[in-house]
Engineer: 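This is the structure I want to talk about, given as structure tokens.
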Amino acid sequence: MTALPTGEDDPATPCPFRPATEPANRGVAVLLRMSTLFLRTLREDPADAEVPSHKLLARGGYVRRVAPGVHSWLPLGKLVLENVASVIREEMSRIGGQEVLLPALVSREYYEASGRWTEYGDSVFRVADRKGAEYLLGPTHEELFTQLVKGEYSSYKDFPVILYQVQEKFRDEARPRAGILRGREFHMKDAYSFDIDDEGLRRSYELHRDAYVRMFDRLGLRYVIVSAMSGAMGGSASEEFLAETPTGEDTFVRSTGSDYAANVEAVRTPAPPARPIEGLPEAQAHHTPETPTIETLVDFLNDAGLGRTFTAADTLKNVLVKIRQPGEDEWEIVGIGVPGDRDVDMKRLEAAMEPAEVALLEDEDFEAHPFLVKGYVGPNALLRNKLRYLADPRVVEGTRWATGADQADHHVVDLVCGRDFVPDGVIDVADVRDGDPSPEDEGTLYTARGIEIGHVFQLGRKYTDAFELDALGPDGKPKRITMGSYGIGVSRVVAAIVEQSHDDKGIVWPRVVAPADVHVIGTGKGDQVEVALRVAGELEALGIRVLVDDRRNVSPGVKFTDAELLGVPTSVIVGKGLDQGVLEVRDRASGEREEIALDGAVERVAAIVRGD
RNA sequence: CGGGGAGUAGCGCAGCUUGGUUAGCGCGCAUGCUUUGGGAGCAUGAGGCCGCGGGUUCGAAUCCCGCCUCCCCGACCA
């Protein structure tokens, strides 16, 4: 007698109200049968796939591309996606988050009120209804959440509150790529905290940060937490969770000496100690014809017989930029001094100047300021002409530099900081290199790559100001609410897991997110498939999620290869050993094999699934 | 938006330089027989707007012009 493969009438089937910490599809009592599953695996990589997650998710029949940056999730993919979302939901519940679902289609007025209708620019999808009224497809939902809370809550006693949703988000990315990793439509968990004061916001932020740590730990991801600069969302404290993978789009730095990790934008260069000025030679200007670049200057100085050797690091490169504060028309010219062996990192510069706009000087700017001699700019031309001059942290008192003498074809050597010039301030925007000293320990920095999978963010009052979200305090006076926002790219997490957990044969799912706990394979010319279905049904009855390969006329090699590609953590093979009453259990991650007796096999497999 | 590549069957590709029968190969799919522990064999078969539009020519997947789309590398983001 073969057990009912669906387990539908089996009283042992767990009830659908699953306990926390279980994958979403545990106990749903739907046996996944390969013979009928809507699944087609591909033998070859899709031509447009570049990164492992894209190749494997496509080949494994988890997703299919529909349009650039737009994908469909097929049955197995949907299960994985839901399992990831399920872990996230559980941890959100644990910190008191309440799930809601807001529309993705949002009318223009909300984003006008916050200023993001224009701020977001081209990266948001805009649509119009038949009457011409404008909408956008939500890229994130600070506006609607703020408005939602404003409509319901009005007393300090109502706060704090944490609301979140798991929803498709839309961004018209300039360049979608890497399959699921960076789509134009993607699944995101976005959470928002509302607090009565800064102290509350800090607490809510910590709650989310801790929840994220638990989520990503449970999801089996290797990740780092780096401090991030606030982007278009405006605000202060902010950290990013980056899943470490060579294919990641975000560069960050790590230290050889500790767990220190930071965004390139956030790296702080340690300043060397100041040195005594006494005894240093006088600054001397030299005629240095045709030396507009650092390289030509260094070569010239070394051939000039000055009695010492210069390197690019002994020169001071002065880069001129102009910045414009938001809402202003006027540009301010600012000089930035960095050691000549380094360039100004535009990303770091933009982050440092935020929210001001930054641009390099154009020819007409030089024409408008004749004292700026292109290629020969020194600190003093700027300082004398009341332009701000900001210097790299390495430019400390007592350091001496070869730099521009503010007239064509002339440089000055031994220009001493603190004696011959005093910068208006410090700016840390030079490029960061492998081997630079770590700011927090004895080690040196090196760059690594990661995928941003989560972001926690103390937003502050940008949106509550825009929508005038107040609560009446105990003193009867209105108090402006302060917000945090916390995102996780749910679909991106799926891809990040694959990036971190695969081999040359296919995906290796962590059990929490796997589409099934056990892949039962029936192969052979006898009644292996029948037995496989029976074993699968019995496992299912124990609440174990099973994928069973009950396809007939499919050779064993195909089934094994598919199983490895699909990546279910444990396989049970009902094959040639069946005549001797023996099944084989394989571990996808380690490749270990174990023979077990058919008698008691279900219990043994169940024990393995539960962690021995 | 700047730079590079590609559009031919569901998927992966050849054919194009040098125009010429019915556009081909592998995988997949269908039917039958055989096969069943590592992507099976044989046989038969279905499946094409050769990206779109125009042009040259007796004749265009192939040559010319225009357009569209997609992918990859750089500036933005979960």
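Residue numbers begin at 1 in each chain, while the letters A, B, ... track the order of the sequences.
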Engineer: B/A78 P sits how many Å from A/E185 CD, rounded?
Structural biologist: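 Nearest whole value for this atom pair: 17 Å.
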Engineer: Using the P atom as the reference point in each nucleotide, state the distance between B/G41 and B/G26 in Å, no decimals.
Structural biologist: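 Straight-line distance between the two P atoms is 11 Å.
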Engineer: Could you list the donor-acceptor pairs under 3.5 angstrom formed by side chains in residues 36-44 of chain A, with sequence neighbours left out?
Structural biologist:
{"residue": "A/T36", "atom": "OG1", "partner": "A/R33", "partner atom": "O", "Å": "3.4"}
{"residue": "A/T41", "atom": "OG1", "partner": "A/D562", "partner atom": "OD1", "Å": "2.9"}

Engineer: Checking only heavy atoms, does the side chain of A/R182 share a donor-acceptor pair with the base of B/C76 at less than 3.5 Å?
Structural biologist: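 Present.
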Engineer: So, A/D190 and A/T140: side-chain donor and acceptor under 3.5 Å apart, yes or no?
Structural biologist: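 Checked: A/D190/A/T140 side chains show no N/O donor-acceptor pair below 3.5 Å.
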Engineer: Can you name the one residue among A/M92, A/R94, A/E90 that meets side chain to side chain contact (heavy atoms under 4.5 Å, CB included) with A/M215?
Structural biologist: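 With A/M215 as partner, side chain to side chain contact (heavy atoms under 4.5 Å, CB included) holds for just one option, A/M92.
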Engineer: Counting Watson-Crick and G-U wobble pairs only, both distances under 3.5 Å, name the nucleotide matched with B/A60, or none.
Structural biologist: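 Partner of B/A60: none found under 3.5 Å.
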Engineer: Between B/U22 and B/A40, how far apart are the two P atoms, rounded to whole Å?
Structural biologist: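 One P to the other, the span is 37 Å.
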Engineer: Taking the same atom, C1', in B/G7 and in B/C13, what whole-Å distance lies between them?
Structural biologist: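 Looking at atom C1' only, B/G7 and B/C13 are 13 Å apart.
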Engineer: For A/R551 and B/G38, give me the distance from atom CZ to atom C1', rounded to whole Å.
Structural biologist: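 My rounded result for the distance is 13 Å.
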Engineer: Under 4.0 Å, counting only non-hydrogen atoms across every strand here, what does A/E584 touch: a base, just sugar-phosphate, or nothing?
Structural biologist: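 Since a base atom lies under 4.0 Å of A/E584, the category is base.
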Engineer: For A/K576 and for A/A47, find the nucleotide of RNA chain B with the closest heavy atom, then tell me which residue's nucleotide is more 5'.
Structural biologist: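 Nearer the 5' end of the strand: A/A47.
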Engineer: Can you pull every protein N or O that's under 3.5 Å from an N or O on nucleotides 72-75 of chain B?
Structural biologist:
{"residue": "B/C73", "atom": "OP2", "partner": "A/R175", "partner atom": "NH1", "Å": "3.2"}
{"residue": "B/C73", "atom": "OP2", "partner": "A/R175", "partner atom": "NH2", "Å": "3.1"}
{"residue": "B/G74", "atom": "OP2", "partner": "A/R177", "partner atom": "NH1", "Å": "3.4"}

Engineer: I need the CG-C1' distance between A/D190 and B/C77, as an integer number of Å.
Structural biologist: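 Answer to the nearest Å: 14 Å.
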Engineer: Would you kindly give the CG-to-P distance between A/L181 and B/C71, to the nearest whole Å?
Structural biologist: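 Roughly 14 Å, once rounded to whole Å.
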Engineer: Using whole Å, what does the distance between atom P of nucleotide B/C77 and atom CZ of A/F170 come to?
Structural biologist: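 These atoms are roughly 20 Å apart.
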Engineer: Enumerate the residues from residues 55-77 of chain A whose closest heavy atom to RNA chain B is under 4.0 Å, giving them by residue number; use none for an empty result.
Structural biologist: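 Close to the strand are A/R59, A/R65, A/P68.
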Engineer: Strictly distance-based, threshold 3.5 Å: is any side-chain N or O of A/N83 a donor or acceptor partner for the main-chain N or O of A/A514?
Structural biologist: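 The answer is yes, because a donor-acceptor pair under 3.5 Å joins these two groups.
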Engineer: Taking side-chain hydrogen bond (donor to acceptor under 3.5 Å, both in side chains) as the definition, give me every residue that meets it alongside A/K78, ordered by chain and number, with sequence neighbours left out.
Structural biologist: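 Expected list: A/E82.
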Engineer: Rounded to whole angstrom units, what separation is found between the CZ atom of A/F216 and the P atom of B/A78?
Structural biologist: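 So the two atoms are 12 Å apart, to the nearest Å.
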Engineer: Which whole number of Å gives the distance between the P atom of B/A46 and that of B/A30?
Structural biologist: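 Those two atoms are separated by 15 Å.
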Engineer: Once side chain to side chain donor-acceptor pair (under 3.5 Å) is applied, what residue pairs with a partner in residues 47-61 of chain A remain, sequence neighbours excluded?
Structural biologist: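 The answer is A/S53-A/E499.
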Engineer: For a quick test of reading the model: is some side-chain N or O of A/S555 closer than 4.0 Å to OP1 or OP2 of B/U36?
Structural biologist: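 No, no such contact exists.
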Engineer: Can you name the residues that form a side-chain contact (heavy atoms from CB on, under 4.5 Å) with A/A532, not counting sequence neighbours?
Structural biologist: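 Partners of A/A532 under the side-chain contact (heavy atoms from CB on, under 4.5 Å) test: A/V520, A/V548, A/V574.
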Engineer: Under a 3.5 Å limit for both distances, which nucleotide forms a Watson-Crick or G-U wobble pair with B/A78, could you say?
Structural biologist: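 Across any shown strand, B/A78 pairs with none.
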Engineer: Got a donor-acceptor contact below 3.5 angstrom from the A/S491 side chain to the A/H187 backbone?
Structural biologist: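 Confirmed, A/S491 side chain pairs with A/H187 backbone.
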Engineer: With heavy atoms under 4.0 Å as the rule, sort A/G487 into base, sugar-phosphate or nothing.
Structural biologist: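 No contact.
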Engineer: In the strands shown, is B/A30 matched to any nucleotide by a Watson-Crick or G-U wobble pair with both distances under 3.5 Å, and which?
Structural biologist: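 Pair assignment: B/A30 / B/U44.
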Engineer: Suppose we screen for side-chain hydrogen bond (donor to acceptor under 3.5 Å, both in side chains). Which residues come up paired with A/D503, at least two apart in sequence or across chains?
Structural biologist: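 For A/D503 the side-chain hydrogen bond (donor to acceptor under 3.5 Å, both in side chains) partners, ignoring immediate neighbours, are A/R588.
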Engineer: Could you work out the separation of B/G48 and B/C25 based on their C1' atoms and round it to a whole Å?
Structural biologist: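 Approximately 15 Å lies between the C1' atom of B/G48 and that of B/C25.
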Engineer: What integer number of Å spans the P atoms of B/G10 and B/C29?
Structural biologist: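 Comparing P positions in B/G10 and B/C29 gives a spacing of 15 Å.
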Engineer: For B/G19, what is the paired nucleotide under Watson-Crick or G-U wobble rules, both distances under 3.5 Å?
Structural biologist: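 Across any shown strand, B/G19 pairs with none.
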Engineer: Which parts of residues 558-573 of chain A get close to RNA chain B, meaning a heavy atom less than 4.0 angstrom away?
Structural biologist: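 Correct list: A/V558, A/F560, A/T561, A/D562, A/E564, A/I573.
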Engineer: Applying a 3.5 Å limit to both distances, which nucleotide forms a Watson-Crick or G-U wobble pair with B/C50?
Structural biologist: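 Result: none.
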Engineer: Between A/Q500 and A/E244, is there a donor-acceptor pair closer than 3.5 Å when you use the side chain of the first and the backbone of the second?
Structural biologist: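 Such a contact is found between A/Q500 side chain and A/E244 backbone.
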Engineer: What residues form a ring pair (Phe, Tyr, Trp, His ring centres under 6.0 Å) with A/Y212, not counting sequence neighbours?
Structural biologist: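 For A/Y212 the ring pair (Phe, Tyr, Trp, His ring centres under 6.0 Å) partners, ignoring immediate neighbours, are A/F216, A/F241.
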Engineer: Using side chain to side chain donor-acceptor pair (under 3.5 Å) as the criterion, point out the one residue from A/H208, A/R218, A/K189 that pairs with A/E91.
Structural biologist: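 For A/E91, the side chain to side chain donor-acceptor pair (under 3.5 Å) check succeeds only for A/R218.
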Engineer: How would you list, by chain and number, every residue that makes a side-chain hydrogen bond (donor to acceptor under 3.5 Å, both in side chains) with A/R593, sequence neighbours excluded?
Structural biologist: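 side-chain hydrogen bond (donor to acceptor under 3.5 Å, both in side chains) check on A/R593 returns nothing, list empty.
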Engineer: Mind checking side-chain hydrogen bond (donor to acceptor under 3.5 Å, both in side chains) for A/E584 and listing every partner two or more places apart, or none if nothing turns up?
Structural biologist: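 Listed in chain order: A/R586.
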Engineer: What is the distance, rounded to the nearest whole Å, between atom CG of A/N553 and atom P of B/U36?
Structural biologist: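 Going from CG in A/N553 over to P in B/U36 covers 12 Å.
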Engineer: B/G45 and B/G24: how far apart are their P atoms, nearest whole angstrom?
Structural biologist: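 One P to the other, the span is 14 Å.
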Engineer: Who does B/G37 pair with, Watson-Crick or G-U, both distances under 3.5 Å?
Structural biologist: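 Here B/G37 is not engaged in any pair, so there is no nucleotide opposite it.
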Engineer: Mind checking A/G454 for me? I need base, sugar-phosphate or nothing, with any heavy atom below 4.0 Å counting as a touch.
Structural biologist: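 Sugar-phosphate, backbone atoms only, no base.
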Engineer: With respect to the side chain of A/E44, which nucleotide from B/A78, B/G26, B/G38 is positioned closest?
Structural biologist: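 The nucleotide sitting nearest to the side chain is B/G26.
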Engineer: Could you check whether the rings of A/Y205 and A/Y486 sit parallel, tilted or perpendicular, using 30° and 60° as the cut-offs?
Structural biologist: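 Judged by the thresholds at 30° and 60°, the geometry between A/Y205 and A/Y486 is tilted.
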Engineer: Less than 3.5 Å apart, any donor N or O on the side chain of A/R449 or A/T251 sitting next to an acceptor on the other?
Structural biologist: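 A donor-acceptor contact under 3.5 Å links the two side chains.
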Engineer: If the C1' atom of B/U44 is compared with that of B/G39, how far apart are they to the nearest Å?
Structural biologist: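 Going atom to atom, C1' in each nucleotide, I get 23 Å.
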Engineer: Enumerate all atom pairs, one protein N or O and one N or O from nucleotides 28-30 of chain B, separated by less than 3.5 Å.
Structural biologist:
{"residue": "B/G28", "atom": "OP1", "partner": "A/R43", "partner atom": "NH2", "Å": "3.4"}

Engineer: Which part of the nucleic acid does A/V554 contact within heavy-atom distance under 4.0 Å: base, sugar-phosphate only, or nothing?
Structural biologist: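 It contacts base atoms.
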Engineer: When you measure from the side chain of A/T464 to the backbone N and O of A/T482, does any donor-acceptor pair fall under 3.5 Å?
Structural biologist: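 The answer is no, because no donor-acceptor pair under 3.5 Å joins these two groups.
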Engineer: In the structure shown, which nucleotide is the Watson-Crick or G-U wobble counterpart of B/A6, with both distances under 3.5 Å?
Structural biologist: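 Across all strands, the one nucleotide that pairs with B/A6 is B/U69.
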Engineer: Round to a whole Å and report the spacing from NE2 of A/H208 to C1' of B/A78.
Structural biologist: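 Checked: the NE2 to C1' distance equals 15 Å.
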Engineer: May I ask you to evaluate whether A/K525 reaches the phosphate of B/U36, defined as a side-chain N or O under 4.0 Å from OP1 or OP2?
Structural biologist: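 Answer is yes, contact under 4.0 Å.
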